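Each ligand, and each atom within it, is numbered from 1 in the order the structure gives. Please read all numbers here as calculations on a predicted model, not as lab measurements. Keep in mind that the numbers below use all heavy atoms, side chains included, and drop hydrogens, waters and symmetry copies.
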Amino acid sequence: MLNAALKILKQHYGYSTFRPGQDQIITSLLQYKDTLAIMPTGAGKSLCFQIPALLLPGITLVVSPLISLMKDQVDALGGLGIPATFINSSLTLSQVNERIYKARCGHYKIIYIAPERLESEAFQSAIKSLTISLLAIDEAHCVSQWGHDFRPSYRGIGAFIRSLTSRPIIGAFTATATTSVTKDIIALLSLDKPDIYMTGFDRKNLSFTVVRGENKQDFTLKYINENKDQSGIIYAATRKEVDNLYLLLQKKGYSVGKYHAGLTDNERQHYQERFIYDDIGIMVATNAFGMGIDKSNVRYVIHYNMPKSMEAYYQEAGRAGRDGEKSECILLFGAQDPLLQRYLIEQTTVELERKSHELNKLQTMVDYCHTPECLRKFILNYFGEKKAETECDNCSNCNDDNELTDITLDAQKIFSCIMRMKERYGTTLVASVLKGSKDKKVLQLGFDSLSTYALLKTYTLQEIRDSINRLIATDYLALTDSEYPVVKLTGKAATVLKGQAKVWQKVPRRPQKITADNSLFETLRALRKEIADREKVPPYLVFADSTLKEMSEYCPTDRNGLLSIKGVGEVKLTKYGQEFLTLLQNYAQKNAIKSSSPYLETKQLAEKVQEPPSHMITLEMYHAGHSLEQISQERKLKLLTIQDHLVRCNTEGHTVNWDALIPSQYEQLILRTINELGASKLKILKDALPEEIEYTAIKAVLCKYNCGH
Ligand code: ADP
C-alpha cells in the first residue's frame with residue numbers, strides 16, 4: 001500500500017521520501033480509518049489526502065474555507081497531473097451542474113468544495129449519484145470556537161456526513177493542537193474513533209528571532225534592504241499600520257503589496273496574486289492574509305507587532321520556508337504591543353470565560369518575547385512537545401553571541417530622571433528631557449531645570465527611546481495600562497539606583513543576508529519566471545526554490561540527472577525539462593562544469609569549479625570595501641567599465657549596495673529629476689542636476705529604484 005503511495009509521491013510530486021507523519025496518515029486513511037492529522041503549517045498536509053485520493057476508488061471531497069484559493073489549488077494539482085476541480089459560489093449554476101456531470105463521468109479524483117455548499121439540498125441530492133470515498137476537511141479547527149478561526153459554516157459538516165447513505169472515510173487536518181480544539185473537531189465533525197497523528201511541530205529550517213526595544217521602522221528597512229531579492233511577509237496588527245508601512249516601502253522604491261479586511265475583494269485578490277506570482281516581493285498584511293497560501297518560497301516573515309497568541313504566531317511565522325529552505329521568522333516587540341492586543345481583546349470579546357482564555361494566551365506570547373531561553377524550546381513546549389536538547393542554535397537567544405555590556409550608569413541616569421519627573425510621563429517626554437530638548441512641553445513643565453536634564457545628550461533621541469524600551473522589556477521599568485501609558489520604576493530599578501545591582505545588556509545585532517548569491521540560481525530563477533508568466537501560474541508551481549537551488553548545486557545536464565533533483569517528477573520533467581536542460585547544458589559548457597547528481601557521492605558544487613565572471617569579481621571587491629576608483633586601478637579597467645559591472649550585477653538580480661554611491665542629501669533630488677525627465681538619457685540628467693553630482697551617483701539611483709526597467 002505504502003509502495004503505491006511512494007510511487008505517486010515520486011511520479012507526480014517529484015519527492016523521494018515522505019516527511020515525518022505523512023506515511024502514517026496516508027496508511028491510516030487507506031485502511032479506511034477516520035484520521036485526525038495535526039501538523040504545523042508548511043509540514044505537508046495536502047499530500048496526506050491527495051495521495052489517498054488517487055489510490056481510493058471514486059472521488060475525494062475536500063472541504064476548505066479558502067474559496068479564493070481553490071482555483072490556484074486546483075491549477076496546482078493539474079500541473080502535477082492530478083485531475084481535480086472545485087465547486088463554490090464563484091460558479092454559475094450551469095457551471096456547477098457541468099462539473100457534477102463530469103464528476104459522474106469520472107473526470108475528477110478530487111473536488112474542492114466550500115463548507116456552505118454542503119448545506120444546499122440541490123448539492124446533497126446531486127452528490128448521491130457520486131461515489132465519495134474520502135471526505136477531507138482542511139483547516140478543521142475552523143469548527144471550534146476555541147480555535148483562532150471559527151467558521152460557523154463548518155458546523156454543518158457533521159450533519160452532512162450523517163445524511164450520506166454510504167459514509168466515506170473522514171480525514172481532518174489542522175495545525176492547531178490544543179485539547180479543546182481537538183475535542184471539538186472529533187465531536188462536531190462526527191469522527192468515528194479516529195487515529196490521531198500529531199507530527200513534530202519543529203520546523204528546523206526556520207530561525208526565530210525576537211527583537212526588543214529597537215526602532216521597528218529602521219530595523220525593517222535595514223532588513224529588507226539586505227534581503228531585496230527575497231520574498232517576505234510583514235504582519236502588522238492594524239489596518240492603519242499596514243497602510244502606513246505599505247506607503248513607506250513604496251516610497252522607498254520597493255515592490256510591495258498590502259492586504260487587510262478594509263480593502264475590496266478585487267484589491268486583495270490583485271495584491272495576493274501579484275505576490276504569489278513573484279511580481280511583488282513584499283506583502284504587508286494583517287492576520288487576514290495567508291491562510292492556505294502555499295507560496296513555498298517565502299524567505300522571511302516579520303511580525304511588526306506581537307500577535308495575540310502563540311497559535312496565531314506560529315501559524316503566521318510558519319508561512320516562511322515551506323520548501324524546507326533556510327528562512328527567518330522575526331518578531332519585533334514593542335512595549336505598546338501587549339497594550340494594543342489587550343485593547344483588541346477587550347473590544348471584541350464579551351463572554352468572560354473566553355476573555356480570560358484569550359488574555360492568558362496573550363500573556364504566553366508576552367513571555368515568549370521576554371524569555372532568555374531557547375525560543376524554539378519555548379514554542380515546542382507550548383505545543384506539548386518535550387525536546388531533549390536544550391539549545392537549538394538557530395534562534396536569537398541561542399545565537400546571541402554579542403558581548404554583554406555594563407550599562408548601569410546610563411540606566412541609573414534614566415531611572416533617576418523618571419523619578420525626578422515623578423513617574424507621571426510617557427517614554428517620549430522622558431527621552432526628550434534626557435536628551436536636553438528645548439521642546440515646548442519640556443520647558444513649560446520646567447524640566448530643563450532638573451539635574452537629569454540633558455544627561456544623555458550625546459545620544460540621539462531615538463537611541464534614548466530604544467534604551468528605555470529595552471529597560472521596559474527587561475522589567476526594570478513598567479508601562480501603566482492606560483490610554484497614554486506612563487513609565488514607572490519597578491523594584492528591580494530601585495536596587496540599581498541604590499547601587500546594589502548592575503544592569504548588563506547586549507548590543508543589538510545588525511540584519512544579515514539570508515542566503516548567499518549564486519549566479520546559476522538567479523539564471524534558473526529568471527527562466528522559471530519566464531515560464532510562469534507564459535503559463536500564467538505562480539513561479540513556485542513551476543519549481544520550488546529548493547528545487548532550483550539543488551539544480552544550481554548539481555547542474556544536471558541530462559534527463560536522469562534532472563529527475564534525481566528534489567521536486568522534479570515525471571510530469572514536470574515532460575513539461576519543463578527541456579527548457580531547463582538547455583539552460584543547464586549551456587551553463588555547464590560555458591563554465592566548464594562537470595554536472596553531478598544528488599545521488600553521486602562526489603558532490604561537486606558548480607560554484608566551486610568555475611572562475612567567477614569579471615563583473616562578479618568587481619562586486620565582490622566593492623562589497624569588501626574597495627571604492628570604485630580603487631577597483632578600477634587595481635584591475636586596470638576603466639571606471640566606466642567598473643560602473644557597468646555593478647549595473648550588470650544589478651540586472652542579474654544580485655544585491656548591490658547602491659547607497660554607498662549615493663550622497664544621501666541628493667537622493668530624493670536625483671529621483672525627482674529622473675521622474676521628471678525620464679531615465680533614457682544620462683547626460684540630460686547630469687546637466688539638470690547640481691555640478692557636484694557625479695554620473696556614478698545618478699547610475700546608482702537609477703539602479704536602486706529600477707528606473708527604466
Ligand atoms: P501545509 O498544508 O501543512 O501547510 P503543504 O501541504 O502546503 O503544507 O506543504 C508545504 C510544502 O511542502 C509544499 O510546497 C509541498 O510541496 C512540500 N512537501 C510536502 N510533502 C513533501 C515531501 N514529502 N517532500 C518534500 N516536500 C514536500
Can you list the atoms of ligand 1 that are under 4.0 Å from a heavy atom of [X]?
X: F18; answer: 23 (N)
X: P40; answer: 3 (O)
X: T41; answer: 4 (O)

- Query: For L206, does its backbone N or O pair with a side-chain atom of S327 as donor and acceptor, under 3.5 Å?
  - Reply: no
- Query: Is R268 positioned over the aromatic face of Y259, cation under 6.0 angstrom from the ring centre and no more than 45 degrees off axis?
  - Reply: yes
On a heavy-atom basis, I'd like to know which of [options] is closest to [atom].
atom: atom 26 (N) of ligand 1; options: Y540, F49, Y15, Y13; value: Y15
atom: atom 19 (C) of ligand 1; options: L47, T174, T199; value: L47
atom: atom 1 (P) of ligand 1; options: G42, S296, S46; value: G42

Taking both backbone and side-chain atoms of [X], is any N or O found less than 3.5 Å from an N or O belonging to ligand 1?
X: L9; answer: no
X: K566; answer: no
X: R19; answer: yes

- Message: Within the structure, is a non-hydrogen atom of D138 found at a distance of less than 4.0 Å from ligand 1?
- Response: no
- Task: Mark the output for D323 as yes if a heavy-atom distance to ligand 1 is under 4.0 Å, and as no if none is.
- Result: no
- Query: Using 30° and 60° as the class limits, which term best fits the ring planes of F289 and Y235: parallel, tilted or perpendicular?
  - Reply: tilted
- Should the ring pair Y13 and Y15 be called parallel, tilted or perpendicular, given that the plane angle runs from 0 to 90° and is split at 30 and 60? parallel
- Message: Applying side chain to side chain donor-acceptor pair (under 3.5 Å) to D195 and T35, what does each step give before you reach the verdict?
- Response: CA-CA 5 Å; D195 279 351; T35 306; 5.3 Å; no
- Could you pull out all residues at least two apart from H270 that satisfy side chain to side chain contact (heavy atoms under 4.5 Å, CB included)? R274
